[in-house]
Structures are given as C-alpha cells and as structure tokens.
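Notes to accompany the following structure.
Atoms considered below: every heavy atom in the structure, side chains included; atoms not considered: hydrogens, waters and symmetry mates. A quick note: this is a predicted structure, and the numbers were derived from the prediction, not measured. In what follows, every chain begins at residue 1, and chains take the letters A, B, ... in the order their sequences are listed.
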Amino acid sequence: MRWSTCYIPTLKEAPADAEVISHQLLVRAGMIRKLTTGVYSYLPLGLRAVNKVAAIVREEMELAGAREVLLPAVQPADLWVESGRWEQYGKELLRFKDRHGRDCCLGPTHEEVITDLVRGEVRSYRQLPVIFYQIQTKFRDEIRPRFGLMRGREFIMKDAYSFDRDEDGADNSYRAMYEAYQRIFKRLGMRFKAVEADSGAIGGSFSHEFMVLAQTGEDTIISCSACDYAANVERAEVLAAERVDAAPPPDMEEVFTPAQQTIEDVSAFLNLSPSRVVKTILLEADGKPLAALVRGDHQLNEIKLKNLLKLDTLRLANSEEIEDWTGAPTGFAGPVGLSIPVIADNSLRERENWAAGANKKDTHVINMSLSRDARVSRYGDIRNSAPGDLCPRCRKAVESMRGIEVGHVFKLGLKYSQALNAAFLDENGVERHMVMGCYGVGVSRVVAACIEQNHDENGIVFPPPVAPFELVLLNLDVKDPQIRAKADELYALLLSEGLDVLLDDREERPGVKFKDADLIGAPMQLVLGAKGFAKGVLEAKARRGGHKVELPLEGFVEAFREWKRSVYSAWGTA
RNA sequence: CGGAGCGUAGCGCAGCUUGGUAGCGCGCCUGCUUUGGGAGCAGGAUGUCGCAGGUUCGAAUCCUGUCGCUCCGACCA
C-alpha cells in the first residue's frame, strides 16, 4: 500500500478525552475515531490491525475444530425470555421494539441464538460434538465505558460455542479451546497469563480468563510466586487463617471516637494496626439486611460472599439503611448487638481480641471477642486474596498483578440446553441435553491491550503479527526520479517477499515521515534517501529497540531476509 | 445511579468573573525558500460559540431548561 492512497490521518496531539495510552495512540495513529460514548469507527489502519488478530483467531479456531458462522446482531426477546435472561440481564442489554411493537435486543452475547440454531438442527448423538464460532460486533450498554477500545459499548468479539454429548466430551471441547487460546495469544506476541476465574451463579465446573499483563488492567490477578497457580482475585481462594492469639480478652470497653469513621482513622486513633480492627460492611442480600465482617486491612469479596450464600443479588446498603439496621450513622457499625445475620471472614478466627464499631455514634469497642460479645452466623472465605497470602496449592506466598481480560473460556454445562431444550437422542434412543461451553476473545480489545503492552514515547511498537503493516519503506526524496524509481522497485520486491509493506511516498519532510513511521508502530522501517542512495545502501531500523543497520542495495534481498529474521526472532514470533 | 467538570474552527485551547467587531497554536489552501527526526516567510479559507428559551438596546459571556461528552465514586461503615 502506498501511504498517499491509504488514509492514515495521524495527529500530533491526543484528543482530550483519551485517558489511557492505547486510546491516545489509536487515535493519534489514525486507527480509530469516536462516534459516541464507547462506540468507535475503525479507519483503514485500525481495521487492518483488527483483521490481523481476527485472522490468527480464525486459523486457531479452525485447527481446534470450530466452524465459522455469523449470527444476527438483532435478536428477538422471546429467546431471552425462554432462557430467563430477559429478566436477569441488567441494563447492559440494549432493548428496543420493532415497528410491530415486538421486543428486541442487540446481542451482547449469543448463547440463546446459537442454542436455538443447534436445537433445530442437531437431533442425533452422531452429529455431536460440534463447535461454532463467529467474529462479530457485540453491543453491551456498559455503565461506564472508558479507555477507548478497552471497554467500549460496541466491540468486536470472537465467540464460540461447543455442544457435546456428555461431560467428558464437553471437557475435551473446553481443553481444545483452552489450548487454542494459549496458541492465539502466544502467536500474537503478547505477555499473558491464563487464570482461574469465577464461574459463579452459572454453576459451571470451571472457567479460565486469559489476561494480558498490564498496569492499566482493570482486573487483579493473584499469582503464586512458586507454582503455576493463578486466579482472578474475584475467585482466588484464601486458606483459612491460623490462630495467632487465642487468649480471651479482658472485658469489652466502649471508647469515645468522635468523627473517626474510616478504618484508617479508627486504627490511628486507637493506636492499633488496621489488622486488629473489624470492618463491618452492611449489605442488602436478596432483599434482606446482612453484615459482612472482614479484617480492617482486608477487602470484602462480594462475589465470594454471593457464592457462599448462594445469593442472586447483593448490594451495599445506603446510609439510611445502615442507620436503620445499626442504630448509628455510617462509620460506627460493628458486630456487637446486631440483630441481622452476620457473616465473618475466616481471618477473624485468628484472634479473640478485636476493635470494632459500637453501633453508636462516635463510639467504638475494644477488647471485643466475636465468640463472647457478638453472634456470628457463619464463617467463610469472603475476602480478596492479597500479596503475601499463601498459595492454596503449594503454600508459598502469592503476588498480585494487573491484567486486561482478553479471553474467557467457560464451561456452561446444561444451563442453556435445558432452558431452551436443546436435546438429542443418544445411542440408546434416550433423549439428553447437550453439554455446552462458550469461549470468547475480545478482538478489538486485544488490539488495545497489545498497544498498552507495546509502546514507547514515540508511539506504538506493534509485534509483527498484529501490526497493520509489517514494514514501512520511507522514501525521503520523492521528487528525485532515480530514488523514486528505486523505492518503487524495492516496494515491489518487498511485496513479492510476502510482506505487508507501506510505502511512504508522500511529499513530506523526512522528520514527518520518521515521526509517523514510529507512531504507527510498524516493526520494520527501511529508509531510502539521497545520502544512502549515493553510498548504495539504505537504512534499516527495528522499531523495537531502535537498532539501525545499513543494508546494501546490491544484494539487498539476502541482506534484508537476514535482517528481518533477526527482527522477528527478537519478538519471538518468527 | 451519585458527585464533579467540560461543550468556542478538523484537533488542542484562550476569551466568560466585569455583556459591546470571536481569538491563539497545530492542521488545511496558495506561493517562495527549505529538505535525514513533526521547517521558515508571506498570503488565505474555515465558527449557527452544543441546542432551545429568557433577561437586555446588545449575549460566547448572565438566567432557565435540554442534549452531548469526560472524569471520579459506587470497597463506606
């Protein structure tokens, strides 16, 4: 492609609304433009990157035995009513009516549609297993879209669905997809980690998320420093606490703690470590009040709590409810004398002597024993794992890191096949429900995550497999007919080498071309100018690392191939 | 959903407090010069100041409403 004919509107400045680096660079490199909140248009360069990712995803899906389909974006409500999700799914599901007044929605995911399709087609165990996938635009009306392509409302997703005769078959499909995902992200040249994820209310037996490691990630990963255990913090199991101090405290005392509402305030005021203070969190669980206790230095994990108590809904109480249930304004809640159910984290068993709110304005209690002075209905693992906790597998310390979720594999089991009655006849003529799995890759998010991971002060540093163009050939002297002829010749040569080449044939000053080439992040740059031409060389620069070498124009192809090999092998993506 | 902020040229912004000819930088167009890391000079084009009302002789500026966008929070007990 010639730059002059490929629309690449690069920008010197980032738009004011771009917060994260990937968003800024995507806009500056002329890859995307915003239409409205969380909705972006892909310009030629952006689409090329998306298509690069999609191509690799397609290859690996086909290798894993999945077959491509394309399902409708607009879906009838009936199907969602049938699965129960018309009620269950929140505001993220964009609903509307057609001209006849029929309820419709824009597909945020396609379990209903694919299950409907398959139940109409598959009748016999002989037709199973089957895996379908599609690459398609999804719409989720997120509460707060942000970070450009990282959390858009409209985004491009590869979603796959497997249908099996039985659990074993479903496990095989799951494994095949898990392995395909490992290959996909490896081939894309990303630093990633597959982590155990919450399978929650859906009740599947297991689920893994594929996380691209990046500081800007919205997810926290707990990962063992010694073994290969890794899990989303939502799920990461915390081993039950050991008792460090079993001595019963002296009598409980009230302490006047005016305006000391946060754990930090209180622990500083009482001169106690936050780990000696009980944090009491009031929630509404399935419409009823509930108090959850964790150590002051820990964080409540609402997903674990929800799973532990098998709750459908869980939300934090508002200040009126807190006052109503505890008899004190916010900041002074505690377990003593509460008449609502109290769930405590396992760590609160480690000692007997605690400080806590007294359920009385400006008052806390010290020397509080949960067994003596309060009533705890149940203990359990309801807190977030934190660095220093012991690995549930090998008991070495875990560490925490941030990740961007780019893939999720999920064993669904019978949830949708039962709800929508997707059944087949087995070899004994017995009707059985198909065992399902679903598998997603956020294709557009992968591009953003890739940039988060690969950039420098000059712009994007694309790994070769994702780069819209693998190589930019910069002609610095387009007005010189000799050099232009040479550039054209090299361009044709590089194309015949099977490369995606962008020839910068614009009438721009060299500085502009260098800046733009860096910005759009092509892994390889070849620079042809009058100086080098006179010497019979052109300059080759690897975008990553910036290392420059001169390649001879005489015998160029061989020298180039060798250089290219070195650039690619540095990426580990030959 | 709660809180905060912003809508002025394609992009980034000033002007608004104290009402009186709509500005700056980048980009864009023309010409000359320049040409290996976002050129210089000269000339030029581009705005319903988000929209709708209101106040006023007069509104980008003040008031009301509305729409859009962004950020923060929703882990606080």
Side-chain angles (χ1 to χ4, degrees), chain A residues 9-20 23-24 27-28 30 33-39 90-91 143-148 220 233-234 257 259-266 277-283 291-303 305 314-319 321-323 325-335 338 356-364 382-384 386 457-459 474-480 483 504 506-519 525 527-535 538-539 541 546 548:
Chain A
T10 58
L11 264 33
K12 283 189 188 174
E13 293 174 286
D17 60 13
E19 186 79 356
V20 297
H23 186 192
Q24 292 172 3
V27 175
R28 284 191 54 210
R33 289 293 183 261
K34 182 172 72 179
L35 178 62
T36 183
T37 309
V39 179
K91 295 243 180 85
I143 311 178
R144 182 137 104 87
R146 58 185 131 181
F147 304 153
T220 301
V233 72
E234 291 175 352
T257 51
Q260 306 295 311
Q261 303 192 358
T262 67
I263 291 289
E264 272 181 9
D265 291 345
V266 171
V277 180
V278 174
K279 179 149 81 178
T280 306
I281 297 147
L282 284 317
L283 305 116
L293 311 183
V294 296
R295 237 168 61 178
D297 58 331
H298 286 157
Q299 295 192 312
L300 175 68
N301 182 319
E302 292 183 36
I303 291 174
L305 181 59
L314 184 68
R315 63 162 181 85
L316 293 169
N318 59 40
S319 45
E321 288 163 337
I322 291 171
E323 197 145 358
W325 300 340
T326 68
T330 60
F332 303 97
L338 270 189
N359 298 321
K360 196 196 246 182
K361 188 171 168 25
D362 294 338
T363 311
H364 281 75
I382 60 167
R383 72 166 171 100
N384 278 348
E457 64 281 3
N458 294 316
L474 292 80
N475 178 356
L476 299 188
D477 293 277
V478 286
K479 285 186 182 151
D480 182 324
I483 294 179
D504 192 346
R506 295 174 299 169
E507 286 196 22
E508 288 287 354
R509 297 166 59 85
V512 174
K513 298 193 177 192
F514 288 131
K515 288 288 183 191
D516 276 346
D518 283 350
L519 180 59
Q525 295 176 12
V527 184
L528 179 66
K531 262 196 227 165
F533 187 67
K535 277 168 59 187
L538 82 181
E539 188 177 279
K541 180 178 124 177
K548 292 175 191 167

Can you tell me if A/K548 uses its side chain to pair, donor with acceptor, with the backbone of A/E539 under 3.5 Å?
no

Distance check, P atoms only: B/U64 and B/C1, in whole angstrom units.
22 Å

With a 4.0 Å cut-off on heavy atoms, is A/T37 in touch with a base, just the backbone sugar-phosphate, or nothing at all?
sugar-phosphate

Using purine N1 to pyrimidine N3 plus N6-O4 or O6-N4 for Watson-Crick, or N1-O2 and O6-N3 for G-U wobble, each under 3.5 Å, what pairs with B/U17?
none

Quickly work out the A/I143 CD1 to B/G3 P distance and round it to whole Å.
16 Å

Please measure how far the C1' atom in B/U46 lies from the corresponding atom in B/C29, and state the result in whole Å.
11 Å

Measuring from atom CD of A/E508 to atom NZ of A/K515, what distance do you get when rounded to the nearest 0.5 angstrom?
14.5 Å

Provide, to the nearest angstrom, the distance between the CG atom belonging to A/D17 and the P atom belonging to B/G12.
7 Å

Side-chain (A/Q24) to main-chain (A/A18) donor-acceptor, under 3.5 angstrom
yes

Taking B/U66 as the reference, what is the distance to B/G10 when you measure between their C1' atoms (whole Å, please)?
27 Å

When the P atoms of B/C6 and B/G15 are compared, how many Å lie between them, rounded to an integer?
11 Å

What's the closest nucleotide to the A/P15 side chain, out of B/C1, B/C11, B/C69?
B/C11

Check: A/T10/A/D516 side-chain N/O donor and acceptor closer than 3.5 Å
yes

Quote, to the nearest angstrom, the P distance that separates B/G19 from B/G31.
47 Å

Using the C1' atoms only, state how far B/A74 lies from B/G68, rounded to an integer number of Å.
23 Å

Considering every strand shown, what is the Watson-Crick or G-U wobble mate of B/G36 when both distances are under 3.5 Å?
none

Closer than 3.5 angstrom, by distance alone: can the side chain of A/N301 be matched with the main-chain N or O of A/V233 as a donor-acceptor pair?
yes

Can you list the steps and then say if A/R295 with A/V277 is a side chain to side chain contact (heavy atoms under 4.5 Å, CB included)?
CA-CA 6 Å; A/R295 237 168 61 178; A/V277 180; over 6 Å; no

Does B/U56 have a Watson-Crick or wobble partner in any strand here, with both distances under 3.5 angstrom, and which is it?
none

Pairing nucleotide - B/G7, Watson-Crick or G-U, each distance under 3.5 Å
B/C67

What interatomic distance, in whole Å, is found between P of B/U21 and the corresponding atom of B/G37?
45 Å

Mind checking the C1' distance from B/C63 to B/C26? Whole angstroms is fine.
36 Å

Are the side chain of A/N384 and the backbone N or O of A/A386 linked by a donor-acceptor pair below 3.5 Å?
no

Would you mind classifying the nucleic acid contact of A/A317 as base, sugar-phosphate or nothing, using non-hydrogen atoms under 4.0 angstrom?
base

Would you mind building the protein contact string for nucleotides 34-44 of chain B? One character per nucleotide, 5' to 3', B for base within reach (heavy atoms under 4.0 Å), S for sugar-phosphate only, - for untouched.
BBBBBB-----

Taken to the nearest whole Å, CG/A/L283 to P/B/A74 is 14 Å

Does B/C24 have a Watson-Crick or wobble mate here (both distances under 3.5 Å), and if so which one?
B/G12

Are A/R315 and B/C1 close enough that a side-chain N or O sits under 4.0 Å from OP1 or OP2?
no

Under a 3.5 Å cut-off for both distances, is B/G2 Watson-Crick or wobble paired, and to whom?
B/C72

Whichever of A/G331 and A/L35 has its nearest RNA chain B nucleotide further upstream toward 5'
A/L35

How would you label the contact of A/I263 with the nucleic acid (heavy atoms, under 4.0 Å): base, sugar-phosphate, or nothing?
sugar-phosphate

Distance check needed: B/G27 C1' versus A/E13 CD, whole Å only.
10 Å

Is there a side chain to side chain contact (heavy atoms under 4.5 Å, CB included) between A/Q299 and A/I281? Walk through the geometry before answering.
CA-CA 10 Å; A/Q299 295 192 312; A/I281 297 147; over 6 Å; no

Only pairs with both distances under 3.5 Å count, Watson-Crick or wobble alike; so what is the partner of B/G31 in this structure?
B/C41

Candidate pair A/K34 and A/D17, rule side chain to side chain contact (heavy atoms under 4.5 Å, CB included), full reasoning
CA-CA 10 Å; A/K34 182 172 72 179; A/D17 60 13; 2.6 Å; yes

